[in-house]
Amino acid sequence: SFNIMTRELASVEMLRSDFVSDISHEFKTPLTAIEGYAKLLADEQDPDERNEYVQIIVEETGRLSALAQNILTMNKLEKGNIPAQRERVCIDEQIRRALALCESKWSAKQLELELDLCKVEIGGVEPLLMQVWTNLIDNAIKFSPQGGKIRITLLRAGRKCIFKIQDEGPGIPQRDLGHIFSKFYKGDKSRGSDGNGLGLSIARRVVEIHGGGIRAENTPQGGACFTITL
Ligand code: ADP
């Protein structure tokens, strides 16, 4: 992914200096961690400590490859490299699959999932839509407290469908609400965490390509709530 990304970045649009400095910053943190822990590993004899360092290196490598993947997707979306052909996409199945793919994350936090999904099929680009659900579910898990509940509903409203995901996390501070869909924007609580600030901007772009809209608000209980209309 990294090699493909470097090639793709040759496009002039992607080489705007603010973009390059955002990317460099995002790559620097995991790379510094990998370098540091690899050096420690070389001198460490204790097997438990060594295991811990290896674990950190594996996690940070995963973070780098997710970042490269997100940048590639963003680049494709910005260049308009989107398959013209739409296929029938079963949204409820995609959501179930997205949840299954990140089961290790929600079960580690012992989260309760409340699903109310009706059968919805739309014409769309399968892998791009899949990334929308994955990004939103990932965020909901990340911000949920241990043992919290995530509610996901998908319903039909006339010719449209409405997807909603609510969590019991801290919600989105008022000052962030207008910015979270911008590229590389991270709220205070997210700085230094494993996010890269691209998930929501990709989600919004994909939803718009499909003729829909996305909005964020907080629930009366204080958690975040994202609604997508397609
Ligand atoms: P990141 O990779 O940092 O999660 P996103 O683009 O997915 O990037 O999200 C941008 C910002 O929106 C996050 O840094 C966080 O401040 C806020 N955010 C997104 N989802 C949630 C949520 N479920 N609860 C609270 N804040 C959220």
Side-chain angles (χ1 to χ4, degrees), residues 1 5 18-19 21-31 33 59-78 95 98-99 101-102 105-106 108-109 111-115 128-154 163-209 213-228:
S1 294
M5 187 197 74
D18 56 338
F19 192 81
S21 80
D22 280 336
I23 292 184
S24 315
H25 176 77
E26 288 302 321
F27 273 101
K28 216 168 153 188
T29 318
L31 278 176
E59 274 168 22
E60 294 296 318
T61 314
R63 195 169 148 176
L64 276 182
S65 83
L67 176 60
Q69 187 56 50
N70 269 337
I71 290 173
L72 271 178
T73 308
M74 189 43 110
N75 190 30
K76 276 202 193 102
L77 292 171
E78 292 206 332
I95 295 168
L99 284 167
L101 284 174
C102 55
K105 293 188 197 163
W106 51 262
K109 277 182 123 174
L111 300 182
E112 185 191 334
L113 299 180
E114 194 181 296
L115 303 183
L128 290 183
L129 285 169
M130 185 66 186
Q131 196 151 357
V132 173
W133 322 126
T134 313
N135 290 350
L136 291 181
I137 291 169
D138 247 19
N139 279 345
I141 296 174
K142 196 162 73 180
F143 287 95
S144 284
Q146 189 78 19
K149 190 202 278 185
I150 296 178
R151 288 192 64 201
I152 302 180
T153 53
L154 177 69
F163 165 89
K164 219 181 250 285
I165 180 163
Q166 282 173 288
D167 61 55
E168 294 181 340
I172 305 154
Q174 205 58 35
R175 64 175 181 282
D176 289 342
L177 272 172
H179 307 287
I180 54 173
F181 294 103
S182 308
K183 261 182 289 179
F184 291 112
Y185 186 86
K186 287 194 228 171
D188 276 345
K189 293 202 178 69
S190 218
R191 299 233 167 86
S193 78
D194 60 353
N196 51 53
L198 280 176
L200 288 179
S201 47
I202 289 176
R204 179 167 74 175
R205 194 76 193 94
V206 172
V207 168
E208 284 171 357
I209 285 167
I214 180 168
R215 68 167 203 275
E217 63 207 331
N218 291 317
T219 64
Q221 293 75 29
C225 173
F226 287 86
T227 308
I228 291 178

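Whatever order the structure lists ligands and atoms in, that order sets their numbers, starting from 1. Basis for what follows: all heavy atoms, side chains included, without hydrogens, waters or symmetry-related copies.
- In the candidate list Ile202, Leu177, Asn139, Asn139 is nearest to atom 19 (C) of ligand 1, counting heavy atoms.
- With a heavy-atom cut-off of 4.0 Å, Asp167 touches ligand 1 through its side chain alone.
- Residue Phe143 has no nitrogen or oxygen atom sitting less than 3.5 Å from a nitrogen or oxygen atom of ligand 1, judged on distance alone.
- Note that CG of Leu177 is 12.0 Å distant from CZ of Arg215, once rounded to the nearest 0.5 Å.
- Using modelled atom types, one finds no donor on one side chain facing an acceptor on the other under 3.5 Å when comparing Gln174 with Asn218.
- Shown in contact with Lys186 at under 4.0 Å from a heavy atom are these atoms of ligand 1, numbered in order with element: 3 (O), 14 (O).
- At a 4.0 Å heavy-atom cut-off, ligand 1 touches Phe226 through the side chain alone.
- Heavy-atom contacts from other residues, nucleotides or ligands closer than 6.0 Å to NZ of Lys105 number 12 or fewer.
- Residue Leu198 approaches ligand 1 through these ligand atoms, each under 4.0 Å from one of its heavy atoms: 6 (O), 8 (O).
- Each of the atoms 22 (C), 23 (N), 24 (N) of ligand 1 lies under 4.0 Å from some heavy atom of Ala224.
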Output a table of donor-acceptor pairs, distance under 3.5 Å, between side-chain atoms of residues 165-172 and any protein atom two or more places apart or on a different chain; print 'none' if there are none.
from	atom 1	to	atom 2	distance (Å)
Asp167	OD1	Gly169	N	2.9
Asp167	OD1	Ala224	N	3.2
Glu168	OE1	Lys149	N	3.1

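- For ligand 1, the atoms closer than 4.0 angstrom to any heavy atom of Tyr185 are 10 (C), 11 (C).
- To the nearest 0.5 Å, the span separating CG on Leu198 from CG on Asn135 amounts to 9.0 Å.
- For the pair Ser201 and ligand 1, the shortest N or O to N or O distance does not fall below 3.5 Å.
- For the ligand labelled ligand 1, residue Gly169 lies outside the 4.0 Å heavy-atom shell.
- Of the inter-residue distances, the one linking Ile141 atom CD1 with Leu136 atom CG reads 11.0 Å to the nearest 0.5 angstrom.
- Taking every non-hydrogen atom of Lys142 and a distance limit under 4.0 Å, the qualifying atoms of ligand 1 come out as 1 (P), 2 (O), 4 (O).
- Ile150 contributes atom CD1, which lies 11.5 Å from atom CD of Glu114 (distance to the nearest 0.5 angstrom).
- Between Phe226 and Phe181, the ring planes lie perpendicular to each other; the angle is over 60°, past the 30° to 60° tilted range.
- Between Asp176 and ligand 1, no N or O atom pair is found at a separation short of 3.5 Å.
- Polar contact with ligand 1: absent for Ile172 (N/O pair, distance under 3.5 Å).
- A distance of 5.0 Å separates OG1 in Thr73 from CD1 in Ile202, rounded to the nearest 0.5 Å.
- Atom CG of Leu113 sits about 12.5 Å away from atom CZ of Arg151, to the nearest 0.5 Å.
- The closest heavy-atom contact to atom 1 (P) of ligand 1, among the options Ser144, Gly223, Gly197, Gly199, comes from Gly197.
- Set against the non-hydrogen atoms of Gly187, the atoms of ligand 1 under 4.0 Å away are 13 (C), 14 (O), 16 (O).
- The residue from Ile165, Ile150, Leu200, Ile141 that puts a heavy atom closest to atom 6 (O) of ligand 1 is Leu200.
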